[in-house]
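This is the structure I have questions about; it appears just below.
As a basis for the values below, the full set of heavy atoms in this structure was taken, side chains included, without hydrogen atoms, waters or symmetry mates. Quick caveat: nothing in here was measured; it's all calculated off a predicted structure.
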Amino acid sequence: MKFLIYSFLAMIFGYSVISEINETKPKTNPDDNHESLAKAAEGLFKIGTALNERQLNSGENQSLALTKQHFNAIVAENCMKSGRIQPVEGEFVWEHADRFVEFGEKHGMEINGHTLIWHSQAPRWFFVDEQGNDVSKEVLIERMETHINTLVGRYKGRVHTWDVVNETILDDGSWRNSKFYQILGEDFVKIAFELAHKADPEARLFYNDYSMAMPGKREGVVNMVKNLQKQGVKIDGIGMQGHVGLDYPSLEEFENSIKAFADLGVEVMITEMDVSALPNPSNHQGAEISDSIEYQQMLNPYTEGLPDSVQQRFNERYLDFFNLFLKYKDNISRVTFWGVTDRYSWKNNFPVRGRTDYPLLFDRDYQAKAVVSDIIELLGEHQAQ
């Protein structure tokens, strides 16, 4: 019965069932370790993490202690997405977003709002009239304006950066045929950035997407940003989601994208870093949340922990990426991890639900993995040069 209850909760909230059932208190206080990723990277780039509603609402002390110790930037994992914050037209739910912003302010962190316009996790009412038909261009623009003005306006001067548009270019470089695109065409991106800039002229505005190492997507994003720049639209940066595995993508292609985006004269952020240690079904490399692959035991081989050989590959993979980030330290302004600990990582349920993955820097018992000290040492060596 307990397993069924947790399974139901997992489907609703995206928690890892195994993590929740096996919850234990940390063996040591994370504050006993005085190392800090953020301090080690000071002057190079911000070190960020995503925070979820559970952590903030319950005062999940172990995760928050690690956040205060190791990170100087935070991003809203879910609480600012349109379906969460305005589930019914005109009815905004501020409780969770307020708590997120207040936490960042209290601890002097850079605060990133995520995300204003996204085809996924958007409420259905956004695109239809009372009869269920698609709304006109004028109505959709009006709804975008109300949503952006209200959300960005509430946190004007408090939220420092916004992911204005999320995931609108496909892996081949073409435009996603979302409702925003169907009704407004390519102009919806321009409109969103212009509305966000008007709502808070001082906020830095970003485009965010996954699979950014793919040549087709790289070209599509570069073309989109160049077009916005030609029209005089304020776009400050490009967020490269770092959902990677042990074998994909190639560092060379990831680097090619960093260079291509930096050449546009904008900031580059690594926005959602995690390294999956599990087998990659069907060569799956994206982060389209509607993707779902049937569970098979062979795809979940490490329920009792990673073998030493896999752990070594995991450590080396993180260090390879951080060496790359340091190479482009003048272009990269922030490296953000998509979560604090393995316990609550979305990768436990994506793209295969119910797996036990190990993608983050802190384990299920809130302990720093060996690679944390390795990264801190690497950052320190670079600072000493």
Side-chain angles (χ1 to χ4, degrees), residues 26 29-80 96-97 99-114 158-163 204 206 208 237 239-243 267-275 318 321-322 325-326 329 332-347 359-369 371-380 382-383:
N29 187 329
D31 288 328
D32 290 342
N33 181 354
H34 297 295
E35 293 184 323
S36 169
L37 288 162
K39 290 180 181 177
E42 191 171 0
L44 301 173
F45 35 68
K46 298 280 189 181
I47 300 290
T49 188
L51 289 179
N52 60 44
E53 295 164 19
R54 175 190 178 90
Q55 291 163 330
L56 291 164
N57 293 351
S58 65
E60 216 268 2
N61 294 330
Q62 292 90 345
S63 290
L64 298 184
L66 288 172
T67 301
K68 289 182 284 186
Q69 179 181 342
H70 285 280
F71 304 101
N72 54 11
I74 55 173
V75 58
E77 186 171 355
N78 282 303
C79 67
M80 287 184 168
H96 309 300
R99 190 173 285 112
F100 165 77
V101 173
E102 289 163 4
F103 177 86
E105 288 179 325
K106 181 178 179 181
H107 300 290
M109 296 176 170
E110 181 174 89
I111 302 170
N112 184 55
H114 175 83
R158 302 173 68 194
V159 170
H160 308 103
T161 66
W162 286 97
D163 292 333
R204 296 175 4 251
F206 303 145
N208 188 59
M240 297 179 62
Q241 296 181 23
H243 299 300
E267 297 176 42
V268 177
M269 286 73 55
I270 311 303
T271 54
E272 303 183 16
M273 189 74 194
D274 49 31
V275 177
Y318 260 117
F321 271 101
F322 263 86
F325 302 156
L326 286 169
K329 66 182 187 303
I332 294 175
S333 57
R334 170 163 44 89
V335 176
T336 291
F337 297 86
W338 203 241
V340 181
T341 76
D342 293 341
R343 177 183 293 268
Y344 300 120
S345 170
W346 78 305
K347 293 299 293 181
L360 297 169
L361 299 185
F362 299 91
D363 67 21
R364 285 170 169 76
D365 290 330
Y366 306 91
Q367 302 304 298
K369 299 178 183 178
V371 73
V372 173
S373 292
D374 293 340
I375 292 172
I376 289 173
E377 182 178 356
L378 176 65
L379 294 169
H382 193 88
Q383 297 276 28

Parallel, tilted or perpendicular: ring planes of F325 versus F321, cut at 30 and 60 degrees: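 F325 vs F321 ring planes: tilted.
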
For G113 against M80, the heavy-atom pair lying closest together: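 Here G113 and M80 meet closest at CA-SD, 3.6 Å.
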
Pair F103 and F100, ring centroids less than 6.0 Å apart: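 Between F100 and F103, which both carry aromatic rings, the centre distance is not below 6.0 Å.
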
Donor-acceptor contact below 3.5 Å, side chain T336 vs main chain T49: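 The answer is no, because no donor-acceptor pair under 3.5 Å joins these two groups.
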
Which atom of S333 lies closest to which atom of M269, heavy atoms considered: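 Distance-wise, the nearest heavy atoms are OG-SD, 3.2 Å.
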
E77 (side chain) donor-acceptor with E53 (main chain) under 3.5 angstrom: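 Checked: no pair found.
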
Derivation of the side chain to side chain donor-acceptor pair (under 3.5 Å) call for N72 and E42: CA-CA 9 Å; N72 54 11; E42 191 171 0; over 6 Å; no

Salt bridge (charged side-chain N to carboxylate O under 4.0 Å, His left out) partners of E105, counting only residues at least two apart: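 With sequence neighbours excluded, E105 shows a salt bridge (charged side-chain N to carboxylate O under 4.0 Å, His left out) to R158, given in chain and number order.
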
Side-chain donor or acceptor of H96 paired with backbone N/O of N57 under 3.5 Å: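 No: the side chain of H96 does not pair with the backbone of N57.
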
Nearest atoms (heavy-atom pairs only) where S63 meets V340: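 Distance-wise, the nearest heavy atoms are O-CG1, 4.0 Å.
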
Residues E35 and S373: side-chain donor-acceptor under 3.5 angstrom: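 Yes, side-chain donor-acceptor contact under 3.5 Å.
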
Aromatic ring pairing W338/H114, orientation class (parallel under 30°, perpendicular over 60°, tilted between):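 Judged by the thresholds at 30° and 60°, the geometry between W338 and H114 is perpendicular.
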
4.5 Å side-chain heavy-atom contact, L379 and L44: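 With C-beta onward as the side chain, the pair touches.
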
Backbone N/O of L360 and side chain of D274: donor-acceptor pair under 3.5 Å: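 No, because the side chain of D274 does not come within donor-acceptor range (under 3.5 Å) of the backbone of L360.
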
Side-chain donor/acceptor of S36 to backbone N/O of Q69, under 3.5 Å: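 A pair under 3.5 Å: yes.
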
Over 12 non-hydrogen atoms of neighbours within 6.0 angstrom of CD in Q383: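 Check passes, neighbour count above 12.
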
Side chain proximity check, H107 to I74, heavy atoms < 4.5 angstrom: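 No, side chains not in contact.
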
Spacing of L326 atom CG and H382 atom NE2 [to the nearest 0.5 Å]: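 So the CG of L326 and the NE2 of H382 are separated by 5.0 Å.
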
N52 side chain vs R54 backbone, donor-acceptor pair below 3.5 Å: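 Between the backbone of R54 and the side chain of N52 there is a qualifying donor-acceptor contact (under 3.5 Å).
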
Closest non-hydrogen atom pair, D342 against D363: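 In terms of heavy atoms, the two residues are closest at OD2-CA, 3.8 Å.
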
